[in-house]
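Keep in mind that this is a model prediction, so the values were computed, not measured. Just so it is clear, the values below take in all heavy atoms, side chains as well, and ignore hydrogens, waters and symmetry mates.
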Amino acid sequence: MDTTTPRRYLLINPNTNPLTTQRLQDVLQPLVPPGVRLDVATARFGAPYIACEASHAVAAHACLDAWAAQRSLPSPALHGVLIGCFGDPGLFALREVSGCQVTGLAEASFIQAAAHGSFAIVTGGERWKPMLQRLANSLGYGAQLRHIETVTPTGAALLADPEMALRSLGQACENAARADVACIILGGAGLAGYAQRLQNHCALPLIDSAQAGWQVLLQQQAPAASTARDGFFSPWHGMPHAFMGLPTRVAT
């Protein structure tokens, strides 16, 4: 009998909506190879759908909370963490405290899209446009991101109405293709799985942000962890037990 411990990865949905978690699981679980285990966690507080600066800020805290809770369980060490939101709330904080690779749907999509050249984004929710441009700039992909096409429905609304989503996203991809780009990212946990359905109607390669996140993490294309040990650099007061139980490292 093979008793080898599988490599364990953690997918965190920073939205509180369990349907989004299920959508990510449905799309990614078939891509999990033998010898690999994908655990999932849903934010225990915050917004059902992240669609503004405030909900994004709270989601960063919720990601750290979910990660800390998972690390407090008697489970094998993590080999990677995927933030299941196209906006990557908490990316830099999780990368600082985690002893394994961490990436998000946006960063991973940028990594894959940049291999084609310049790229555009299609996503739901108009408030995302400046937030995604800022994230791309901070990650070094600002020059290659040529256009962000937002559709009026949020990712949650698109998830709830697949036929409307296909119509809306199809038109958005046509608009984005006019920006003289090499590929288009369909960004958002709620949009997981739509790239494959729309690809026959678009001349440019479409990147599914959820699949990109998993592929980049599994292939170790994300930035390497700076340490092999988990731990915070700050002592905590009034935080959940999972936070308090993790080691505090001396800042250097």
Minimum heavy-atom distance A157-M164, with the two atoms named: O-CE, 3.7 Å

So CG of L132 and OG1 of T150: to nearest 0.5 Å the spacing works out to 9.5 Å

Indicate yes or no: at least one non-hydrogen side-chain atom of R8 is less than 4.5 angstrom from one of S75. yes

Rounding to 0.5 Å, atoms CD1 (I50) and OG (S55) come to a distance of 6.0 Å

Let's go through L94 and C63 carefully: what are the C-alpha distance in whole Å and the side-chain angles of both, what is the deciding distance for side chain to side chain contact (heavy atoms under 4.5 Å, CB included) to 0.1 Å, and is it a yes or a no? CA-CA 8 Å; L94 277 171; C63 273; 3.9 Å; yes

Keeping N17 on the side-chain end and L19 on the backbone end, is there a donor-acceptor pair under 3.5 Å? yes

Decide if atom CD of E126 counts as having more than 12 heavy atoms of other residues, nucleotides or ligands within a radius under 6.0 Å. no

Are D180 and R178 ion-paired here, with the side-chain N under 4.0 Å from a carboxylate O? no

Single-linkage hydrophobic cluster, 4.5 Å side-chain cutoff, V58 and Y49 together: no

d(S98 OG, L246 CG) to nearest 0.5 Å is 10.0 Å

If I take atom SG from residue C173 and atom CG from residue L198, how far apart are they, to the nearest 0.5 angstrom? 5.5 Å

In Å and rounded to the nearest 0.5 Å, what is the CG to CD1 distance from L204 to I184? 5.0 Å

With a 4.5 Å heavy-atom cut-off, do L186 and I207 have their side chains touching? no

What one should report as the nearest heavy-atom pair of R127 and P130 is O-CD, 3.6 Å

Show the atom names and distances, to 0.1 Å, of all donor-acceptor pairs under 3.5 Å that link a side chain in residues 229-242 to residues at least two apart or in another chain.
residue : atom : partner : partner atom : Å
D230    : OD1  : G99     : N            : 2.6
D230    : OD2  : R71     : NE           : 2.6
D230    : OD2  : R71     : NH2          : 3.3

Taking A143's backbone N and O only, do any of them form a donor-acceptor pair with R146's side chain (distance below 3.5 Å, no angle check)? yes

Once you round to the nearest 0.5 Å, how far does CD of Q171 lie from CZ of R167? 12.0 Å

Which heavy atom in Q144 sits nearest to a heavy atom in G117, and how many Å separate them? NE2-O, 3.7 Å

My understanding is that only residues two or more places apart in sequence, or in another chain, count here; which of them pass side-chain contact (heavy atoms from CB on, under 4.5 Å) with Q101? L217, Q220, A222

For a side chain to side chain contact (heavy atoms under 4.5 Å, CB included) check, start with the C-alpha distance between D208 and W214, then their side-chain angles and the critical distance, and finish with the verdict. CA-CA 10 Å; D208 183 302; W214 178 237; over 6 Å; no

Mind listing the closest non-hydrogen atom pair of G187 and T123 along with its distance? O-OG1, 2.7 Å

Verdict with reasoning, H61 to F45, per ring pair (Phe, Tyr, Trp, His ring centres under 6.0 Å): CA-CA 9 Å; H61 179 188; F45 58 84; 4.9 Å; yes

Are side-chain heavy atoms of P14 and I83 found at a separation under 4.5 Å? yes

Test item: E107 and R95 side chains (from C-beta on) under 4.5 Å apart, heavy atoms: yes

Tell me, do W128 and I148 make a side-chain contact under 4.5 Å, heavy atoms counted? no

Compare all side-chain heavy atoms of E149 with those of I121 and state whether any distance is below 4.5 angstrom. no

Verdict with reasoning, R44 to T16, per side chain to side chain contact (heavy atoms under 4.5 Å, CB included): CA-CA 6 Å; R44 68 182 183 89; T16 60; over 6 Å; no

Check against side chain to side chain contact (heavy atoms under 4.5 Å, CB included), R7 and R37: CA-CA 6 Å; R7 286 182 293 152; R37 167 179 156 189; over 6 Å; no

Please name the pair of heavy atoms, one in G213 and one in T103, separated by the smallest distance, quoted to 0.1 Å. O-CG2, 4.1 Å

Would you say the side-chain atoms of D88 pair up with the backbone N or O of L91, donor to acceptor, closer than 3.5 Å? no

Close side-chain approach of Y9 to L82, heavy-atom, < 4.5 Å: no

Under 3.5 Å: donor-acceptor pair, side chain of S72, backbone of A69: yes

So, does H56 use its side chain to make a donor-acceptor pair with the main chain of G87 at under 3.5 Å? yes

Please check if the side chain of S109 supplies one atom and the backbone of L105 the other of a donor-acceptor pair under 3.5 Å. yes

Less than 3.5 Å apart, any donor N or O on the side chain of Q199 or H201 sitting next to an acceptor on the other? no

How close do A66 and A41 get, counting heavy atoms only, and between which atoms? CB-CB, 4.3 Å

Would you list the atom pairs, donor with acceptor, under 3.5 Å between side chains in residues 23-31 and any protein atom, with sequence neighbours excluded?
residue : atom : partner : partner atom : Å
R23     : NE   : A192    : O            : 2.8
R23     : NH2  : A192    : O            : 2.7
D26     : OD1  : Q22     : NE2          : 2.8

Do I111 and Y141 touch side chain to side chain, with heavy atoms closer than 4.5 Å? yes

Look only at the side chain of S209 and the backbone of F86, and say whether a donor-acceptor pair between them is shorter than 3.5 Å. no

